[in-house]
Number of protein chains: 2
Amino acid sequence: MTITDVARAAGVSVATVSKVVNGRYGVASSTAERVLEVVAQLGYETSLVASSLRRSRTNVIGILLAGFDPFATEILKGISAEAVGKGYELLAYSGAISDDNAVGWERRSLSRLGGTLIDGAIILTPTVSVPTSSVPVIAVDPHTGSGGPSTIDCDNIEGARAATRHLIELGHTRIAHVRGRTDLESALLREQGYRDALEAAGIAYDPGLVRDGGYRAAWAIDAARELLTLPDRPTAVFAANDLSAFGVMEVAHELGLRIPQDLSIVGFDDIPEAGSATPRLTTIAQPLQEMGARAVTMLIALLEGREVEAHVQLPSRLVVRRSTAPPPEPNAP
Amino acid sequence: MTITDVARAAGVSVATVSKVVNGRYGVASSTAERVLEVVAQLGYETSLVASSLRRSRTNVIGILLAGFDPFATEILKGISAEAVGKGYELLAYSGAISDDNAVGWERRSLSRLGGTLIDGAIILTPTVSVPTSSVPVIAVDPHTGSGGPSTIDCDNIEGARAATRHLIELGHTRIAHVRGRTDLESALLREQGYRDALEAAGIAYDPGLVRDGGYRAAWAIDAARELLTLPDRPTAVFAANDLSAFGVMEVAHELGLRIPQDLSIVGFDDIPEAGSATPRLTTIAQPLQEMGARAVTMLIALLEGREVEAHVQLPSRLVVRRSTAPPPEPNAP
DNA sequence: CTGAAAGCGCTAACAC
DNA sequence: GTGTTAGCGCTTTCAG
């Protein structure tokens, strides 16, 4: 089903079909009518690939991501809701991820799609600072905050402080931290917030209570196993994201520790799964859908030649559920 | 950044660059080395668009959907997890949806991407039976069960029976149903299951207790408003999906009805949001991620020329949470 | 108003 | 081993 088939069936040239399909002027209405009829009958639809190779605009917004995890899909929901009715198509692309290309996928994806297929891109959690590209770009939860494209994130440092403070206020003093992906700024900021809150409460920072979780449940499980089998094990864990928190919960369960009686856990993100975990996870909520919506608004502004802020930060918020409680042995005065 | 730039910089022809980049034989290793160096330096990446126009295979799996809603994203998670390491890239595409193209988007998307950009497609909840297409297709939660591509769904009818039976066993007799999208087979089957269970319990089917919800919260809200302001209002509602159930919950709240004391609600799907609703929603769980995973397995089989089942049905399962309880005034014996 | 022709970036025959 | 050439399906001048 190509434009040539249509042209042949309608008895006109491909050029004419192209004009009709794209609503260009300079075609007799009788001809246009006949062509449209054939188009409808044959079910012809212009090929995105071929037209994007020739055209400068495609009205397609690309969303570049490393995989469809709960964090990414939550942002996608916001993007999708905001984009509806705006005349853009959405194309979420996840390149083939393997170990040797785990870093730098966003640059690869961008050059693979950019320039022709998509008019602009929203990149979710880029691992490296995104290079100046041929198309406008918005980065969500970016690598570094300066120099690159406009970025959107939430108040990571204050969120982490609030999480840690919550545990301190419950009476915890041995608070572990399962760190995020150290190549992301958000992970660094969350660790910083954790240390800030500790310091503000006069609790000494203990590097032995911090482990890498890489924002992934699998890694967090290893981290948690080390942490929770420590001679003087922590009574609370602040995990850098909800997925890590789930990993910690799993290990706690395995070890026979009750949550929250024996171990308190706080996550970060507030993905929908957090609310339905057992017990329901106390966490720091990021307005993920709103972040996605803002990304769309900003990208469309860019596409229309308007200026946008270099950086948008949305507030984070502590959501107390059932995974946190005072420590088993209250610190006697 | 095109292949021509690389060729010029390396002092060779574009054909040679193409051969090197694609690992074809017939290039001196010294030349290959030099080209690779330039490629790395310039950060060149072959354009998906251009190569797909020329090539027959792209190693890209397309996922065609109407929008990134919780149902679709849950399946995407399963697809993504299953596809990792299999050498395929994922491209989730949502065309610009508007009112006049709400039906038939899958055919349009398929012809827009098919043939060149993607090797095969997974279509989520197609509104019409998918035509024979140029590429292999798997449909999830399809329109009709026969004639078209291979399909995947869950046991909708038994799920709906279980949902209704659960309400009946709690003592409800006035059970309303908020119907799904009537263009989808799953919606029809769920209504059938509802009627089956009613009949099995000797409860007369009352058409006045059934309303269209279109699988959408917004529509379900209208439906619920009618249902819950009925003179002899139902004491329980079976909503065709979780999103509709949320709509019903919202109206109940608005009307001052307590859930589950005054009104019991059962949903369908068990999206992550169901577990974190207040109260937590009793629902029929579909193995959404597994359905996505199976879709990938089957599509890859098709791409490799193997045969696959025409239809895969996975079990559904009642998950009792806090939104269901016996009716306010027990039916006195 | 219509069609012929060029060319988007790339790959695959085929010459050299 | 390497380069030249012909298209993939489409849009866009530019003649007719």
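Residue numbers begin at 1 in each chain, while the letters A, B, ... track the order of the sequences. Atom set for the values below is all heavy atoms of this structure, side chains included, hydrogens, waters and symmetry mates excluded.
- You'll find that the side chain of Thr2(B) is closest to dC10(C), out of dC10(C), dA12(C), dC8(D).
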N/O contacts under 3.5 Å, protein versus nucleotides 14-16 of chain C?
none

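- Residue contacts shown for Thr116(B) are absent, as no nucleic acid heavy atom lies under 4.0 Å away.
- If you take OG1 on Thr58(B) and CG on Leu113(B), they are separated by 10.0 Å, rounding to the nearest 0.5 Å.
- Here Arg55(A) does not reach the OP1 or OP2 of dC8(C): none of its side-chain N or O atoms lies under 4.0 Å away.
- With distances taken from any side-chain atom of Ala28(B) to the nucleotides dA12(C), dC10(C), dT2(D), the minimum falls on dT2(D).
- A salt bridge links Glu74(A) to Lys77(A): at least one charged side-chain nitrogen sits closer than 4.0 Å to a carboxylate oxygen.
- In this structure, Thr116(A) has no side chain to side chain donor-acceptor pair (under 3.5 Å) partners at least two apart in sequence or on a different chain.
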Every protein N/O lying under 3.5 Å from an N/O of nucleotides 5-7 of chain C:
unit_1	atom_1	unit_2	atom_2	d
dG7(C)	N2	Arg54(A)	NE	2.0
dG7(C)	N3	Arg54(A)	NE	2.8

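- Listed nucleotides dA12(C), dC10(C), dT11(D) differ in distance to Ser51(B); the shortest reach to its side chain belongs to dC10(C).
- Counting only heavy atoms from C-beta on, Leu53(B) has its side chain closest to dG9(C) among dG9(C), dA12(C), dT2(D).
- For the pair Asn241(A) (side chain) and Tyr215(A) (backbone), a donor-acceptor distance under 3.5 Å is present.
- When distances are taken from the side chain of Thr31(A) to each of dT11(C), dT11(D), dC1(C), the shortest belongs to dC1(C).
- The residues Arg108(B) and Glu89(A) are annotated as not salt-bridged, no charged nitrogen and carboxylate oxygen being separated by less than 4.0 angstrom.
- Separating the CZ atom in Arg34(B) from the OG1 atom in Thr16(B) is a distance of 9.5 Å, to the nearest 0.5 Å.
- Counting any heavy atom pair closer than 4.0 Å across all strands shown, Tyr25(A) reaches no nucleic acid atom.
- Taking every side-chain heavy atom of Ser47(A) into account, dC10(D) is the closest of dC10(D), dC10(C), dT11(C).
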